[in-house]
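One structure is given here, and the rest of the page talks about it.
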Amino acid sequence: MNSAALFFDDYDFPWPDEFDRWMERGADYNEWKLEPLVADLKGLLAGADRPEYILLDYPFAYVHNELSRFIDYAIFIDTPLDVAMARRFIREYKDSASSDVTREMEGYLRGGREAYLAMLHTVLPSSDYVADGTLPVNDLTDLLLEQIKHKGSEDNEASKTASR
């Protein structure tokens, strides 16, 4: 399978100004300036070696207007906040100073938690498939690959039917 992946966390996006007020105003995901990610996605789509699948690891599903037009199938991994936080800290902070961890925890309490909760009411319902984020990572990976293959075979069948 010819594929490529783009990861939201690999980019340094500016957060919306006054994050807590952004949340109070209704958390409009379109205020996120995602131009570098959009440019990389367009580059993949326009390239001579265009991948069959582009996996976009990004938290907004269809609710960001600029990116929604590129998405064929949105999967939301529904992970309880404590599990998500534990996994993130194991992955990103195992060798960090305690002050780095403290800063992250302060940010989480200042607005990160509310942002995660808001996504359950906006991003999750807009997604095409919701996966159980408490599954072991290997099982979750297998499940998601199966969903992507299934979606791809549905698209191929629809394309064949439409061309008849």
Side-chain angles (χ1 to χ4, degrees), residues 1-20 22-24 26-41 44 51-64 66-68 70-152:
M1 176 177 2
N2 178 13
S3 62
L6 297 173
F7 300 92
F8 183 86
D9 289 343
D10 286 348
Y11 296 84
D12 188 22
F13 298 114
W15 287 51
D17 291 336
E18 300 181 13
F19 190 78
D20 54 338
W22 174 77
M23 290 294 303
E24 290 170 9
D28 180 1
Y29 296 99
N30 293 300
E31 290 184 37
W32 285 79
K33 305 301 179 207
L34 305 179
E35 288 83 4
L37 177 60
V38 172
D40 287 350
L41 181 56
L44 284 172
E52 182 179 358
Y53 293 96
I54 299 173
L55 303 176
L56 181 58
D57 177 16
Y58 127 101
F60 306 143
Y62 297 108
V63 298
H64 192 282
E66 193 171 11
L67 275 173
S68 66
F70 296 107
I71 298 172
D72 295 323
Y73 192 64
I75 298 172
F76 186 94
I77 302 173
D78 189 10
T79 308
L81 295 178
D82 60 330
V83 174
M85 183 182 299
R87 287 179 177 165
R88 180 170 177 239
F89 276 78
I90 290 168
R91 181 180 65 242
E92 295 179 21
Y93 294 98
K94 63 182 169 193
D95 297 324
S96 297
S98 63
S99 60
D100 294 337
V101 174
T102 300
R103 262 192 312 282
E104 284 297 314
M105 290 287 102
E106 289 168 346
Y108 176 79
L109 292 175
R110 269 194 321 273
R113 180 177 186 279
E114 291 303 316
Y116 286 123
L117 293 173
M119 291 173 73
L120 297 176
H121 300 289
T122 54
V123 178
L124 184 147
S126 79
S127 300
D128 298 305
Y129 180 78
V130 179
D132 178 359
T134 64
L135 292 172
V137 173
N138 288 339
D139 294 347
L140 184 59
T141 301
D142 291 343
L143 174 69
L144 297 180
L145 285 172
E146 193 58 40
Q147 281 299 312
I148 293 166
K149 288 178 189 174
H150 178 72
K151 172 63 176 153

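Quick note: numbers below take in every heavy atom, side chains included, and nothing from hydrogens, waters or symmetry partners. These numbers come from a predicted model, not from an experiment.
If you take CD1 on I71 and CD1 on I54, they are separated by 11.0 Å, rounding to the nearest 0.5 Å. With values rounded to the nearest 0.5 angstrom, F76 atom CZ is found 13.0 Å from D128 atom CG.
For residues 75-90, the salt bridge (charged side-chain N to carboxylate O under 4.0 Å, His left out) pairs, not counting sequence neighbours, are R88-E92, R88-E104. Evaluation of the salt bridge (charged side-chain N to carboxylate O under 4.0 Å, His left out) test over residues 131-145, restricted to residues two or more places apart or in two chains, returns none.
Residue P80 comes nearest to T134 through the heavy atom pair CD-CG2, 3.4 Å, listed as atom of the first residue, atom of the second, then distance. L81 and R113 get closest at one heavy-atom pair: CD1-CG, 4.0 Å. Nearest heavy-atom pair, G133 versus T79, reported as atom, atom and distance to 0.1 Å: CA-OG1, 3.3 Å. When every heavy atom of A61 is checked against every heavy atom of S127, the shortest pair comes out as CB-OG, 3.7 Å. Minimum interatomic distance between A131 and L143 (heavy atoms only, all atoms of both residues): CB-CD2, 4.2 Å. Taking every heavy atom of both residues into account, I148 and L55 meet most closely at CD1-CD2, 3.7 Å.
No side-chain heavy atom of Y129 sits less than 4.5 Å from a side-chain heavy atom of K151. Under the 4.5 Å side-chain criterion, counting only non-hydrogen atoms from C-beta, D9 is not in contact with D57. Counting heavy atoms from C-beta on, the side chains of L140 and L144 come closer than 4.5 Å. F60 has its side chain out of reach of T122: every pair of non-hydrogen atoms, C-beta onward, lies at least 4.5 Å apart.
Applying the side-chain contact (heavy atoms from CB on, under 4.5 Å) test to P59 and every residue at least two apart in sequence or in another chain returns F8, M119. Every residue two or more places apart in sequence or in another chain that forms a salt bridge (charged side-chain N to carboxylate O under 4.0 Å, His left out) with D100 is listed here: R103. With sequence neighbours excluded, no residue satisfies salt bridge (charged side-chain N to carboxylate O under 4.0 Å, His left out) with E24. With sequence neighbours excluded, no residue forms a salt bridge (charged side-chain N to carboxylate O under 4.0 Å, His left out) with E114.
Between the side chain of W32 and the backbone N or O of P16, no donor-acceptor pair lies under 3.5 Å.
If you run side-chain contact (heavy atoms from CB on, under 4.5 Å) between Y29 and each of L67, V123, L34, only V123 comes through.
Y11 and F13 have parallel rings, their planes meeting at less than 30° on a 0 to 90° scale where 60° marks the start of perpendicular.
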Checking side-chain contact (heavy atoms from CB on, under 4.5 Å) for the pair L41/V38: CA distance, chi angles, key distance, verdict? CA-CA 5 Å; L41 181 56; V38 172; 5.6 Å; no
